[in-house]
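Working notes for the structure below.
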Amino acid sequence: MGNNNHKEKDGKAQEKNKSKQAQANAGQEREKEQEEEKREKEKHTDERIEETGQITLDENKEHHKIHLVTIIGEIEGHDNLGSSSKTTKYEHILPQLAAIEDSQDIDGVLILLNTMGGDVEAGLAIAEMIASLSKPTVSLVLGGSHSIGVPIAVSTDYSYIVPTGTMVIHPVRLSGMVIGVQQTFDYFKQIQNRITGFVCEHCKISKPRLEELMMETGMLTKDVGTVLVGREAVEEGIICQVGGIKDAIGTLHDLVDKRKGSTK
């Protein structure tokens, strides 16, 4: 009788140990799967940044999904630039902005700029797309946002520039053959009016003051125009505030919260 009780206890103990072992093995498998998923996610994120310069920021405490778009190098238009040039291709940016607008998951958009400018039509197309998004948007000028980068910088709901960031304001240039007739100068004026009209509509600078900065002759040695550094861009009414990435992301979270609050 006693032996049977011992055997019964031993059997239960073995079953208990097996159950614990099975649970431990299952836990280890789950950990391995989670680690593998994490590695795959990091790999996908790295590849996405490398290919498009874009990423979705979703690890924040507010649980907002912020899509990051970078405008770097030269903004490429209808003509392909050299393979050694860093470029932002408008045919990559425009579909992504359309996808952001269509997505229920994306809460806001952060635009990082470090661009020398580039194609006027492409730059204005990107700026108009950003300005027409219903999602909250914030821009941050880092190294610089020159030339046609200015309309992109001001196209967001709120804009920042770092203290050492620069913005170059200058008249429209045209490369290639130019026919020296009145129609050419009229066309130049039309393009410039489109740019100045957009910029003035989306920031606080007046059109006469913007054109005055464009035509400044005493600052650039080989060109006409003005370089604004950090706070100067804010004082001129082009950029909203001097700040960095912390400020830009903080403001974007605030805008997202306000939007969500107003739609409830």
Side-chain angles (χ1 to χ4, degrees), residues 34 37-38 41-72 88 92-115 126-145 149-167 198-199 201-205 230-231 233-264:
Q34 288 171 355
E37 286 177 6
K38 187 177 178 182
K41 185 178 179 181
E42 287 174 353
K43 181 182 177 184
H44 176 70
T45 298
D46 291 343
E47 288 174 351
R48 190 176 178 192
I49 292 173
E50 187 176 343
E51 288 175 12
T52 65
Q54 300 183 27
I55 186 176
T56 300
L57 308 173
D58 56 4
E59 301 291 335
N60 53 82
K61 63 181 180 181
E62 290 87 354
H63 304 294
H64 296 156
K65 288 192 175 180
I66 305 299
H67 194 86
L68 172 67
V69 177
T70 56
I71 310 292
I72 61 168
T88 294
H92 292 171
I93 300 293
L94 298 187
Q96 188 60 58
L97 292 173
I100 288 168
E101 177 61 29
D102 190 56
S103 174
Q104 294 182 358
D105 295 328
I106 302 300
D107 298 310
V109 186
L110 177 63
I111 312 289
L112 298 184
L113 294 114
N114 187 8
T115 176
I126 293 170
E128 289 282 12
M129 281 285 282
I130 294 170
S132 63
L133 289 173
S134 65
K135 309 290 174 78
T137 55
V138 171
S139 63
L140 173 60
V141 176
L142 295 166
S145 186
V150 176
I152 298 175
V154 304
S155 65
T156 53
D157 298 323
Y158 203 85
S159 57
Y160 283 92
I161 186 169
V162 294
T164 58
T166 58
M167 305 188 84
F198 182 91
V199 171
E201 187 179 340
H202 290 86
C203 67
K204 296 178 180 177
I205 194 170
R231 186 161 298 281
V234 177
E235 290 170 353
E236 291 289 352
I238 297 174
I239 298 295
C240 298
Q241 191 174 333
V242 174
I245 187 68
K246 177 184 71 174
D247 306 293
I249 290 180
T251 296
L252 190 50
H253 284 309
D254 290 342
L255 291 174
V256 171
D257 284 335
K258 285 179 184 176
R259 182 175 186 269
K260 287 187 173 183
S262 64
T263 55
K264 285 182 181 178

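Position 1 is the first residue of the sequence, and the numbers go up from there. The structure displayed is predicted, hence computed values, not measured ones.
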Item to check | side chain to side chain contact (heavy atoms under 4.5 Å, CB included) evaluation trace for Ile66 with Ile249 | outcome: CA-CA 9 Å; Ile66 305 299; Ile249 290 180; 5.9 Å; no
Checklist entry - How far apart are the C-alpha atoms of Asp257 and His64, what are their side-chain angles, what is the distance that settles it, and do they pass the side chain to side chain contact (heavy atoms under 4.5 Å, CB included) test? => result CA-CA 9 Å; Asp257 284 335; His64 296 156; 3.0 Å; yes
Checklist entry - What pairs meet the salt bridge (charged side-chain N to carboxylate O under 4.0 Å, His left out) rule with one or both residues in residues 95-107, with sequence neighbours excluded? => result Asp107-Lys260
Next on the checklist: Would Leu112 and Val69 count as a side chain to side chain contact (heavy atoms under 4.5 Å, CB included) here? Give the steps.
Outcome noted: CA-CA 6 Å; Leu112 298 184; Val69 177; over 6 Å; no
Item to check | Atom of Leu113, atom of Gly149 and distance for their closest heavy-atom approach | outcome: CD2-O, 4.0 Å
Checklist entry - Roughly how far, to the nearest 0.5 Å, is the CD1 atom of Ile71 from the CG atom of Leu142? => result 12.0 Å
Next on the checklist: For the CD1 atom of Ile205 and the CD1 atom of Ile238, what is their distance to the nearest 0.5 Å?
Outcome noted: 4.0 Å
Checklist entry - Between Leu133 and Leu97, is any pair of side-chain heavy atoms under 4.5 Å apart? => result yes
Item to check | Closest heavy-atom pair and its distance - Pro151, Phe198 | outcome: O-CE2, 3.3 Å
Next on the checklist: Please report the interatomic distance CE(Met129) to OG1(Thr137), rounded to the nearest 0.5 Å.
Outcome noted: 12.5 Å
Item to check | Spatial distance of atom CE (Met167) from atom OG1 (Thr115) [nearest 0.5 Å] | outcome: 10.5 Å
Checklist entry - Does Ala99 offer a backbone N or O that forms a donor-acceptor pair with the side chain of Ser103 under 3.5 Å? => result no
Checklist entry - For His202 and Ser159, what are the C-alpha separation, side-chain angles and deciding distance, and is it a side chain to side chain contact (heavy atoms under 4.5 Å, CB included)? => result CA-CA 10 Å; His202 290 86; Ser159 57; over 6 Å; no
Checklist outcome for this item: Smallest heavy-atom separation, Val141 atom then Ala153 atom, equals CG2-CB, 3.9 Å
Next on the checklist: If you define the side chain from C-beta out and look only at heavy atoms, does anything of Ile126 sit under 4.5 Å from Leu94?
Outcome noted: yes
Enumerate, atom names and distances included, each donor-acceptor pair closer than 3.5 Å involving a side-chain atom of residues 240-248, sequence neighbours excluded.
{"residue": "Gln241", "atom": "OE1", "partner": "Tyr158", "partner atom": "OH", "Å": "2.7"}
{"residue": "Asp247", "atom": "OD2", "partner": "Gly244", "partner atom": "N", "Å": "2.8"}

Checklist entry - Can you name the closest pair of heavy atoms from Val234 and Ile161 and give their distance? => result CG2-CG2, 4.1 Å
Checklist entry - To the nearest 0.5 Å, what is the distance between NE2 (His67) and CD1 (Ile106)? => result 6.5 Å
Checklist entry - CD1 of Ile111 to CD1 of Ile152: how many Å apart, nearest 0.5 Å? => result 8.5 Å
